[in-house]
Student: 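To start, I am sharing the structure in question, which I have written as structure tokens.
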Amino acid sequence: MKDGIQNFSQKELKKTVDKQRLFALSQCVEEEFTNLLTKEDKRKFVENIRYLIMSENSDFENYYFNQKLKKSDFYTVVNLLFKLDNLWMLSEFLLKNQSIIVSDTEKIINPSELIEITGTGRMDMDVMVTRVFKMMQNIGIPRRNETND
């Protein structure tokens with residue numbers, strides 16, 4: 001019986017310590033946020049916190065670490081950023097990985113093989129590429145074939 005009480009107490013102690021750490025962390029985050037001066041910086045901060053909370057470990061690493069991404073990992077991150085309405089982060093991520101978008105777009109525009117229309121993922125990727133280019137156009141990134149006249 002005594003061991004049961006000690007185990008229960010240790011579990012409760014761990015929960016209490018975890019709550020204290022979480023409270024300290026939230027205070028730190030709040031303090032950092034209030035020190036930001038511009039709306040843009042605050043928006044970026046909120047987006048980063050939201051992504052930190054909502055992303056899986058692999059998505060988190062794929063966004064923050066400079067590594068060559070597989071196409072599926074790239075689109076998973078893009079999809080999550082889009083769902084979270086993290087447009088600042090999305091635009092930065094797209095700029096950093098624009099070679100993937102250009103490659104996929106060239107395959108859509110000039111397909112070297114027949115496009116399989118029976119797969120479920122192909123339509124989603126096409127829609128995503130279209131949206132990405134629309135967003136890039138809106139933030140002023142020219143297409144490859146466009147010239148500045």
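All values reported here derive from a predicted model rather than from experimental measurement.
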Student: Could you tell me the separation between the OH atom of Y64 and the CG atom of L52, rounded to the nearest 0.5 Å?
Tutor: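 Between atom OH of Y64 and atom CG of L52 there are 7.0 Å.
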Student: At what distance, to the nearest 0.5 angstrom, does OH of Y75 lie from CG of L69?
Tutor: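 Taking OH in Y75 and CG in L69, the distance rounds to 11.5 Å.
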Student: What are the two closest heavy atoms between D85 and E47, and how far apart are they?
Tutor: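 Smallest heavy-atom distance, with atoms named: O-OE2, 3.8 Å.
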Student: Before you tell me yes or no, could you show the steps for F33 and V46 under side-chain contact (heavy atoms from CB on, under 4.5 Å), namely the whole-Å CA-CA distance, both residues' side-chain angles and the distance that decides it to 0.1 Å?
Tutor: CA-CA 8 Å; F33 180 79; V46 168; 3.6 Å; yes
Student: With a 4.5 Å cut-off on side-chain heavy atoms, are K44 and E40 touching?
Tutor: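 A side-chain contact exists here, since the closest heavy-atom pair is under 4.5 Å.
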Student: Treat each ILVMFWY residue as a node, draw an edge where side-chain heavy atoms are under 4.5 Å apart, and state whether V29 and L37 are in one component.
Tutor: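 Different hydrophobic clusters.
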Student: Measuring from K68:NZ to N62:CG, what's the distance to the nearest 0.5 Å?
Tutor: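 The distance works out to 13.0 Å.
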Student: Hey, could you give me each pair passing side chain to side chain donor-acceptor pair (under 3.5 Å) that has a residue in residues 50-61? Not counting sequence neighbours.
Tutor: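 Those involving residues 50-61 are R50-N86.
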Student: Do I101 and F82 land in one hydrophobic cluster if side-chain heavy atoms of ILVMFWY residues count as linked below 4.5 Å?
Tutor: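 Both belong to a single hydrophobic cluster.
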Student: Going hydrophobic residue to hydrophobic residue with side-chain gaps under 4.5 angstrom, can you get from M54 over to I49?
Tutor: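 Yes, M54 and I49 fall within the same hydrophobic cluster.
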Student: Do V78 and F60 share a hydrophobic cluster (ILVMFWY, side-chain heavy atoms under 4.5 Å, transitive)?
Tutor: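 In one cluster with V78: F60, yes.
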Student: What's the separation between atom CG in L87 and atom CG in L90, rounded to the nearest 0.5 Å?
Tutor: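 One finds 6.5 Å between CG of L87 and CG of L90.
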Student: Of all residues at least two apart in sequence or in a different chain, which pass the side chain to side chain donor-acceptor pair (under 3.5 Å) check with T38?
Tutor: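 So T38 forms a side chain to side chain donor-acceptor pair (under 3.5 Å) with D41.
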Student: Would a hydrophobic clustering, with Ile, Leu, Val, Met, Phe, Trp and Tyr connected at side-chain separations under 4.5 Å, put L81 with F45?
Tutor: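 Yes, because L81 and F45 connect within a single hydrophobic cluster, where side-chain heavy atoms sit under 4.5 Å apart.
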Student: Which distance, rounded to the nearest 0.5 Å, do you find between the CG of L36 and the CZ of R43?
Tutor: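 Result: 14.0 Å between the selected atoms.
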Student: Before we go on, tell me: are the rings of F93 and F74 under 6.0 Å apart, centre to centre?
Tutor: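 Here the rings of F74 and F93 have centres that are less than 6.0 Å from each other.
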Student: Please check this pair: side chain of S103 against backbone of I100, looking for a donor-acceptor N/O pair closer than 3.5 Å.
Tutor: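 No; judged by distance alone, with no hydrogens or angles, the pair does not exist.
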Student: Working to the nearest 0.5 angstrom, can you tell me the gap between M89 CE and Y63 OH?
Tutor: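 Here the interatomic distance stands at 4.0 Å.
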Student: So does E30 have more than 12 non-hydrogen atoms from other groups sitting under 6.0 Å from CD?
Tutor: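 No, because the 6.0 Å sphere around CD of E30 holds 12 heavy atoms or fewer from other groups.
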